[in-house]
Structures are given as structure tokens and as C-alpha cells.
Amino acid sequence: MPHLDDTLTEPDEAERLLAVTGRELDALMMRAAAVRDTGLAAAGRPGIVTYSRKVFLPLTTLCRDRCHYCAFVDTPAQLLRKKAPAYLDDAQILRIARAGAAQGCNEALLTLGDRPEERWPEARAWLDAHGFASTIDYVAHAARLVTAETGMLAHANPGVMTPAELATLRPVAPSMGMMLETTSRALFETPGAAHYGSPDKDPALRLQVIEDAGAARVPFTSGILVGIGETLADRAASLFALRDAHARHGHLQEVIVQNFRAKPRTAMHDAPDADRDAYLAAVAVARLVLGPAMRIQAPPNLSDTAELALLLRAGVDDWGGVSPLTADHVNPERPWPHLDDLAAHTAAAGFTLTERLTAHPEFVRDAREWIDPALHRAVTRLADPGTGLAATDRPRSSGRRRADDLLDRAATAPRDLDAAEWERLLVAEGQGLEHLIAVADEVRRLTVGDTVSIVVNRNLTSSGLRTAASGLGEFTLDDAADIARDAAALGATELCIQGRMEAALPPSAYLDLVRTVRSATPELHLHAYRPQDIADLVDRGGMPLAEALRQLLAAGIDTFPGTGVKVLDDDVRRRVAPDDLDVDRWLEIVRAAHGAGLRSTSVLFYGHVETAAQRVAHLLTLRGIHDETGGFSEFVPIPLPGHGAALADRAPLDEHRAMVAVSRLLLNDGIRHVQIPWTRHGAATAAELLRAGGDDLGGTLLDGRVRPDTGIEQGLELPLHAAERLVSGLFRRLRMRTTDYGTPTATRERAA
């Protein structure tokens with residue numbers, strides 16, 4: 001191995017190192033980390049790993065290219081069927097931008113397809129109708145609008161640009177970007193290869209854009225894509241091409257090393273994901289080729305959280321843009337990590353996560369050279385004057401907005417609405433209802449994306465546990481172990497356990513059941529015990545709540561169902577469900593469980609005797625708890641059997657649509673996922689509610705082959721092929737998720 005302090009100067013040596021594994025890979029990563037650390041110390045920020053808090057604005061998903069791995073683009077026909085626009089208009093841009101600004105975002109990432117007007121007449125017609133000469137002209141308008149109205153800075157990522165187009169965008173975007181991806185001409189020229197049929201993926205053309213950006217003094221982001229069919233020699237050549245361009249101009253503020261992830265319904269859906277060790281080697285070699293002063297970025301959502309420490313060991317010092325609000329629309333199947341979790345993983349590896357602006361500190365501090373004068377005031381407002389990183393005490397603003405547009409305020413600043421205004425939206429009818437639903441679904445699309453998630457799971461009703469099982473729904477601890485093993489063998493990642501134990505069993509049975517399942521299937525996520533089940537353990541076990549939670553965690557539960565009250569109102573509880581917990585006790589248990597590290601679902605059972613005011617109060621209480629604890633993973637609006645009481649003179653379907661739409665808008669900046677309980681609605685109605693702001697279908701609820709009668713909703717299954725059929729009819733993609741909305745770490749047998 002070369003000496004620790006050396007960077008790489010020869011492509012042949014880089015190519016050799018890209019192939020190392022085992023101990024050689026460990027040594028390579030150690031060397032790269034040392035070079036990174038030297039660079040951070042020289043920059044005056046040792047141990048600092050940066051990120052940018054952003055909103056993701058997909059200005060258009062039309063594109064003239066046909067990349068074989070891309071799930072971002074749509075055709076005009078697909079957009080029509082989705083009821084999505086060809087381009088976002090000003091109101092749509094500002095809805096999401098203002099919501100992002102309200103959450104402290106400093107960057108608006110403007111992403112779109114390459115030159116769609118050169119392929120699609122519909123794109124040309126939209127631009128003409130709205131007065132734009134080109135898509136780049138429209139990007140400049142969007143960037144200008146976002147900064148003027150919200151104070152956020154635009155990072156323009158419109159693909160291939162000419163020098164004139166770079167000049168058009170420089171006064172409105174303090175940084176720009178375009179991935180090189182690869183210098184491989186074979187991938188561009190060979191039929192069936194990743195870039196065949198995509199004129200904007202010509203490596204020579206993309207290298208020229210990077211060169212032109214340097215000549216124009218634009219802080220520029222580029223990078224390579226690992227695992228799309230390129231050779232190791234291609235990978236090395238790509239890194240050296242970026243190094244050489246930067247040596248001439250000094251304009252590359254960061255280089256992204258991105259790992260390929262196969263996406264469904266793309267030409268490369270069966271291609272293997274980038275090999276982990278090959279990816280780590282690429283990160284480390286990028287560090288050694290590009291040197292200590294370059295920022296090397298790895299997208300944190302494209303790796304499992306357990307691998308983030310490895311990426312830091314390999315020389316990463318930047319996580320890129322991470323959004324607290326919007327999905328990664330380019331990789332919709334890979335949700336962003338929560339910023340607190342990302343900070344914790346970064347800290348566990350010995351680094352401090354610190355926010356930067358879309359332009360990196362070196363370029364911010366030298367603004368006279370790198371930032372157009374038109375943007376100096378906007379950049380200065382957000383930057384720390386000493387470090388050039390993001391200021392920690394800057395004012396948070398959601399910008400100007402029309403005070404008379406209730407829906408606009410609901411979409412952009414939901415916390416500004418009072419309870420009476422939410423009640424008005426909840427009882428909307430006719431065109432008002434249709435407008436509500438359209439805005440809620442637009443907010444859903446722009447924040448959590450066009451995927452619909454589902455967890456492969458099975459129910460186990462713990463009230464059926466017996467020492468000797470004889471009746472329907474009854475089971476023993478040995479049965480529970482067999483049930484869990486069968487669920488895992490069928491591809492389940494979650495077992496949901498709920499129900500109060502019969503009085504004849506000791507309270508310790510709650511713990512025994514969890515220990516049994518955990519021992520039989522350590523890999524299964526245990527979503528176990530409602531607040532009233534926990535209350536029963538506390539009361540009959542004669543122990544404090546904190547001790548009960550400690551024992552449940554030690555036994556092996558991971559999360560819990562947040563059911564147990566229909567509406568958070570004791571008068572409604574007395575009239576509808578007197579056996580439910582008192583509201584105050586439910587709140588106590590949920591807050592304590594969240595404080596102990598357990599996350600939960602949240603629900604509202606509606607459609608009986610409650611009023612609009614009581615529904616809204618329930619939602620506001622849930623939002624308040626989440627503000628305190630961050631403990632809710634999703635919200636589930638569940639109609640009571642019979643759907644007896646509507647809030648307005650409207651059809652049952654409209655009642656459900658209004659409930660989902662208001663839930664999306666009121667909770668969206670905290671509780672991100674709205675789950676549609678398909679067991680209560682059926683497939684057809686569930687599809688309509690996914691169009692009203694829903695983004696999740698809950699679980700598959702497999703009955704399994706062992707004691708299928710022991711699940712509370714036995715006989716109701718939504719196998720993956722049926723879920724895919726339901727979702728494909730909406731022109732959205734199904735995403736298998738974990739209980740806490742992550743991505744399963746291993747490919748399991750897909751449930752039939």
C-alpha cells in the first residue's frame with residue numbers, strides 16, 4: 001500500500017484499489033479516513049460532518065432521456081392518469097417551499113428531467129402557455145420565486161446546461177449540480193446498457209458541462225454512480241476526470257459517490273444493487289484521488305443505517321441534502337433518515353453533524369469570487385459569518401402568503417390554523433371538498449412521494465393465550481413460537497401482538513409471550529401491546545408504569561400499537577366504548593412509552609357520535625404529543641363499523657376522503673404517514689383514499705399456515721401481489737417497509 005499521507009496520482013493504482021476486499025479494504029478505508037481528517041483539520045472544522053437541510057422540489061418529471069435505472073421520470077400519459085401536472089406551478093412550488101422554510105430548511109433542491117420540451121409536445125405547450133422560453137428559463141423563475149418568498153437558497157440540478165444557461169441560473173442559484181455518473185462510453189453506446197438512448201448521458205457532453213461550470217465560477221456538485229455496469233477502469237477514470245476539472249477551476253464543492261439501487265418497474269429492476277465492499281472501496285478511492293480538501297458525500301438514505309459508520313470510516317465527510325419534509329423523489333423507495341437519528345449515528349462514529357448551506361463554506365466565505373452579487377444578501381442572511389456554515393440563530397420564516405386562502409395556509413403553515421378553521425375543512429362539501437382532496441394529495445405527493453408502503457406482517461391476538469389451547473383462536477406458548485417461525489418463513493418482518501390476557505393467566509404472561517416469540521424469531525419486529533394491555537400488566541402486576549415498560553423492553557418488544565381510545569374525549573368514550581382507557585391514562589402511558597424509547601402508531605376511530613370539533617381536538621392532541629416525544633410513526637383514521645355518523649350531508653366515501661385529507665394536512669409536518677385501513681374499506685375505497693392523501697396500506701396481515709385463527713383479523717389478507725395490483729392502478733409504486741418505515745435490510749421470500 002502507498003504511504004498513509006499520499007493521495008492517488010495514477011488511474012492504474014486507483015483501479016487496483018477499487019477491487020480490494022477484506023484486510024486490504026480495511027487498510028484502504030483507514031488511509032482514506034486519515035486523509036479526510038487532515039482536510040477537516042486544515043479547514044478549521046475537525047470532526048465536523050456536514051449536511052444541508054432541504055426541501056426537494058421535483059419541478060417536472062418529464063424528460064427526454066431513457067435511463068434504464070430511473071424511476072423519477074413520467075410520460076405525459078402517466079402524469080395524466082396520476083392527475084399530476086406537467087410542471088409545478090407557482091402555487092404548488094410555494095406550498096412545499098413555505099412548509100420547508102417553516103421547518104428550518106435552507107435549501108430548495110430543484111430537480112427535473114433533461115430538456116423535456118425537446119421530446120414531449122405537452123412540455124413545450126405548457127412552457128408556451130406560461131410564458132417560458134425553455135425549461136431552464138422556468139427553473140430560473142422557480143429559483144427566484146423560492147428565494148424571494150421564503151428566503152431559502154436554490155440548488156439547481158436541471159441536468160445538461162450550456163454556458164448561456166449556466167449564466168441564466170447563476171444569479172438565482174448559489175450552487176448547481178449534475179452527476180457525471182461515469183465516463184463509460186460503452187454504457188452510452190451499447191444497446192441495452194444503462195445510458196443507451198439518453199442523449200444527455202453522453203460522457204463528453206457531461207464533462208463539458210462540468211468544465212463550463214468551472215469557467216463560469218459556479219460552486220458545483222458532481223459525482224459518480226457505482227454499480228450501473230461500468231468497469232473498475234471506468235470508475236477510476238471518472239474520478240480522475242473530476243479531479244482534473246477541479247484542478248483547472250477549483251469549483252467542485254463536493255463529489256457524491258452514490259451506490260446503485262435497483263428500482264421496480266425500470267429496465268434494470270433485476271440488476272443487483274451495488275456491492276457493499278465495492279461501494280466502500282469507491283468511497284475510499286474517491287477520497288484518495290480527490291484529496292483532503294474535497295468534500296466527499298454519500299447519500300445516507302441509500303445505505304442501511306448500520307452501514308453509515310462504515311461510510312464515515314471510508315472517508316465521507318458530508319451527507320448531502322437531507323429533508324425533514326419531502327421525499328427523495330429520485331429514490332422514492334429509500335426514505336431519508338430522521339435528522340436526529342442521522343446525528344446520533346454520526347456521533348456514534350465520533351463526529352459532529354453540522355448544518356451547512358447549499359453552497360459549501362469555502363465558497364460562502366469567498367462569496368465575491370463564487371456567488372453572484374444578486375444573492376449576497378440572501379446567502380449572508382443564512383450563513384455564519386465566521387465559518388461559512390449555516391447560522392444557528394437565523395430567523396425561521398415561512399415567507400409571505402395570502403391570509404385569505406384557508407387551504408393554502410393549511411398546506412403551507414398548518415400550525416397557523418385554529419381549531420375552527422380545521423373544522424371548516426373537515427365538513428367541506430362539493431367543490432370545496434374536491435379542492436381539499438386535491439391539495440392534500442398534492443402535499444402527499446410532494447412530501448412523501450408517489451410510493452405506497454406496506455409491511456409484511458401477521459397478527460397474533462394475545463387474549464387467546466392459554467396454558468392448554470382447545471378452542472378457536474386459542475394458542476399456547478409453544479404454538480406462539482411456531483406461529484412466529486412460520487410468519488418469518490413466509491417473509492414477514494413484523495408480528496403484531498395485542499389483546500388483554502385472560503384473568504386466569506398471571507400478568508407475567510405478557511412478558512412470557514414476548515420472550516417466547518423473541519427467542520423463536522430474533523429477526524422479527526415485535527409490535528406489541530396496546531396501552532390498555534400495558535395498563536393491565538401494571539394493574540395486575542402491581543408495578544409502576546416505568547417498571548412495566550422496562551420489563552417489556554427487556555423482554556423484546558420494539559414498538560406498540562397506539563390504539564385503545566376511539567376519540568380522545570371522555571364523554572365520547574363513555575357513550576361509545578366505556579371499556580376503553582380513560583383519556584388521561586391513555587395519554588400517560590403513550591407519553592411514558594415514547595419516553596422509554598418505544599414508538600407507536602396513532603389512530604382515530606370516527607363516524608359515531610363525535611363532532612367535528614372533537615375529531616379536530618383529537619388530531620391536535622396527537623400532534624402535540626408528537627411534538628413532545630417524536631414517538632408516532634403514522635396516523636390511521638379508522639371508520640367505526642357502519643360508518644353511522646357523517647359530519648355533513650355527504651356520501652360515506654366523501655366522509656372518509658375528507659377525514660384522510662384533513663389528517664394529511666394537519667399532521668403532515670410531524671406525523672408523516674397516513675395509513676389507509678383497507679380491512680375497513682375494501683380495495684376500491686382504499687384506492688380512493690390513497691388519492692386523498694394516504695400513503696400507506698398498513699400490513700399484509702398474513703394468516704399463515706400455523707393456527708391462522710389466532711389473528712384478530714383472520715381471513716382478511718392483502719398479499720403483496722394484490723397490494724401491487726391495487727397500487728399500480730393508481731400509477732404509484734408499492735414499497736415494502738419495516739414497521740418504523742425503514743427499508744427491510746434483507747430480501748425475503750415475497751408473500752404470495
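Quick caveat, the model's predicted, so the values are computed rather than measured.
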query = What are the two closest heavy atoms between Val146 and Ala97, and how far apart are they?
reply = CG2-CB, 4.2 Å
key: Point-to-point distance, once rounded to the nearest 0.5 Å, from NE2 of His155 to CG of Leu357   = 13.0 Å
key: Candidate pair His338 and Tyr741, rule ring pair (Phe, Tyr, Trp, His ring centres under 6.0 Å), full reasoning   = CA-CA 11 Å; His338 191 282; Tyr741 286 82; over 10 Å; no
remark   = Ala281 and Leu17 have their tightest heavy-atom pair at CB-O, 4.0 Å
ask   = So Thr743 and Arg735, side-chain contact (heavy atoms from CB on, under 4.5 Å) or not? Walk me through it.
value = CA-CA 8 Å; Thr743 300; Arg735 180 178 85 84; 3.5 Å; yes
Thr61 side chain to Asp74 side chain, donor-acceptor N/O pair below 3.5 angstrom = yes
query = Please walk me through it: do Glu333 and Arg733 pass salt bridge (Lys or Arg N to Asp or Glu O under 4.0 Å)?
reply = CA-CA 9 Å; Glu333 76 288 356; Arg733 290 182 292 277; 5.8 Å; no
4.5 Å side-chain heavy-atom contact, Arg53 and Glu107 = no
query = Are Arg119 and Asp65 ion-paired here, with the side-chain N under 4.0 Å from a carboxylate O?
reply = no
query = Gln103 and Asp669: side-chain donor and acceptor closer than 3.5 Å?
reply = no
Between CE on residue Met161 and CD1 on residue Ile136, distance to nearest 0.5 Å = 6.5 Å
task = Check the angle between the aromatic planes of Phe132 and Tyr138 and answer parallel, tilted or perpendicular using the 30° and 60° thresholds.
result = perpendicular
message = Listing request: all ring pair (Phe, Tyr, Trp, His ring centres under 6.0 Å) pairs with a residue in residues 202-251, at least two apart in sequence or in separate chains.
response = His249-His251
task = Using a strict cut-off of less than 4.0 Å between a Lys/Arg side-chain nitrogen and an Asp/Glu carboxylate oxygen, indicate whether Arg170 and Asp372 qualify as a salt bridge.
result = yes
request  = Could you check whether the rings of Phe72 and Phe56 sit parallel, tilted or perpendicular, using 30° and 60° as the cut-offs?
outcome  = tilted
query = Around atom CZ of Arg368, are there more than 12 heavy atoms of other residues, nucleotides or ligands at under 6.0 Å?
reply = no
ask   = Passes salt bridge (Lys or Arg N to Asp or Glu O under 4.0 Å), Glu149 versus Arg144? Steps please.
value = CA-CA 9 Å; Glu149 292 290 331; Arg144 191 179 299 109; over 6 Å; no
key: Donor-acceptor contact below 3.5 Å, side chain Thr60 vs main chain Ala86   = yes
message = Measuring only between side-chain heavy atoms, which start at C-beta, is Pro292 closer than 4.5 Å to Thr7?
response = yes
side-chain contact (heavy atoms from CB on, under 4.5 Å) partner of Glu355, the single match among Leu389, Val322, Asn106 = Asn106
inquiry  = For the CZ atom on Arg248, are there more than 12 heavy atoms of other groups (residues, nucleotides or ligands in this structure) within a distance under 6.0 Å?
reply    = yes
note = On a heavy-atom basis, the closest approach of Val316 and Asp318 is CG1-O, 3.5 Å
ask   = Taking Ser184 for the side chain and Leu187 for the main chain, is one N or O donor matched with an acceptor at less than 3.5 Å?
value = yes
inquiry  = Surrounding CD of Gln78 (heavy atoms of other residues, nucleotides or ligands, distance under 6.0 Å), is the total greater than 12?
reply    = yes
key: Worked verdict on Arg115 versus Thr135 for side-chain contact (heavy atoms from CB on, under 4.5 Å)   = CA-CA 6 Å; Arg115 305 188 184 279; Thr135 294; over 6 Å; no
ask   = Closest heavy-atom contact between Pro324 and Lys54?
value = CD-O, 3.6 Å
message = I'd like to know if the side chain of Asp277 pairs up with that of Thr21 as donor and acceptor (distance under 3.5 Å, no hydrogens or angles considered).
response = no
query = With respect to Tyr69, which candidate in His269, Lys263, His195 satisfies the side-chain hydrogen bond (donor to acceptor under 3.5 Å, both in side chains) definition?
reply = His195
message = I need the minimum non-hydrogen distance between Ala32 and Ala314, along with the two atoms involved.
response = CB-O, 3.3 Å
message = Under the criterion side-chain hydrogen bond (donor to acceptor under 3.5 Å, both in side chains), I'd like the reasoning laid out for Thr221 against Glu254: C-alpha separation, chi angles, the key distance, then a yes or no.
response = CA-CA 5 Å; Thr221 296; Glu254 61 186 337; 2.7 Å; yes
message = To the nearest 0.5 Å, what is the distance between CE on Met178 and CG on Asp200?
response = 9.5 Å
message = Between Asn259 (side chain only) and Leu302 (backbone N and O only), is there a donor and an acceptor less than 3.5 Å apart?
response = yes
message = Under 3.5 Å, is there a donor on one side chain and an acceptor on the other for Ser238 and Thr183?
response = yes
query = Step by step, would you call Arg261 with Asp273 a salt bridge (Lys or Arg N to Asp or Glu O under 4.0 Å)?
reply = CA-CA 5 Å; Arg261 288 283 193 176; Asp273 289 348; 3.1 Å; yes
ask   = About how many Å separate CG of Leu145 and CD1 of Ile93, when rounded to the nearest 0.5 Å?
value = 6.0 Å
message = Any donor-acceptor pair under 3.5 Å linking the side-chain atoms of Asp137 with those of Ser134?
response = no
note = When rounded to the nearest 0.5 Å, the distance separating CZ of Arg445 from OG1 of Thr326 is 12.5 Å
task = State which residue, out of Gln297, Arg287, Arg36, fulfils the side-chain hydrogen bond (donor to acceptor under 3.5 Å, both in side chains) condition with Asp317.
result = Arg287
task = Not counting sequence neighbours, which residues clear ring pair (Phe, Tyr, Trp, His ring centres under 6.0 Å) with Phe363? List them please.
result = Trp370
query = Is there a side-chain contact (heavy atoms from CB on, under 4.5 Å) between Ile210 and Leu180 once you walk through the steps?
reply = CA-CA 8 Å; Ile210 295 168; Leu180 170 62; 4.0 Å; yes
query = Distance-only, no hydrogens or angles: does the Arg737 side chain make a donor-acceptor pair with backbone N or O of Ser453 under 3.5 Å?
reply = no
ask   = Where do Thr50 and Thr354 land on the side-chain hydrogen bond (donor to acceptor under 3.5 Å, both in side chains) test, with the steps shown first?
value = CA-CA 5 Å; Thr50 49; Thr354 301; over 6 Å; no
query = Under 3.5 Å, is there a donor-acceptor pair linking the side chains of Thr358 and Ser175?
reply = yes
inquiry  = Donor-acceptor check, side chain of Arg295 to backbone of Val255, threshold 3.5 angstrom: yes or no?
reply    = no
task = Check the pair Glu362, Arg45 against salt bridge (Lys or Arg N to Asp or Glu O under 4.0 Å), reporting the backbone distance first and the verdict last.
result = CA-CA 12 Å; Glu362 294 79 1; Arg45 51 179 191 275; 3.3 Å; yes
query = Is there side-chain contact between Ile96 and Thr447, with at least one heavy-atom pair below 4.5 Å?
reply = yes
key: Lys/Arg-Asp/Glu bridge criterion (N-O < 4.0 Å) met for Arg356, Asp384   = no
request  = Would you give the length of the straight line joining atom CG of Leu8 to atom CG of Leu239, rounded to the nearest 0.5 angstrom?
outcome  = 9.5 Å
ask   = Run the side-chain contact (heavy atoms from CB on, under 4.5 Å) check on His345 and Leu353 step by step: do they pass?
value = CA-CA 9 Å; His345 285 289; Leu353 186 66; over 6 Å; no
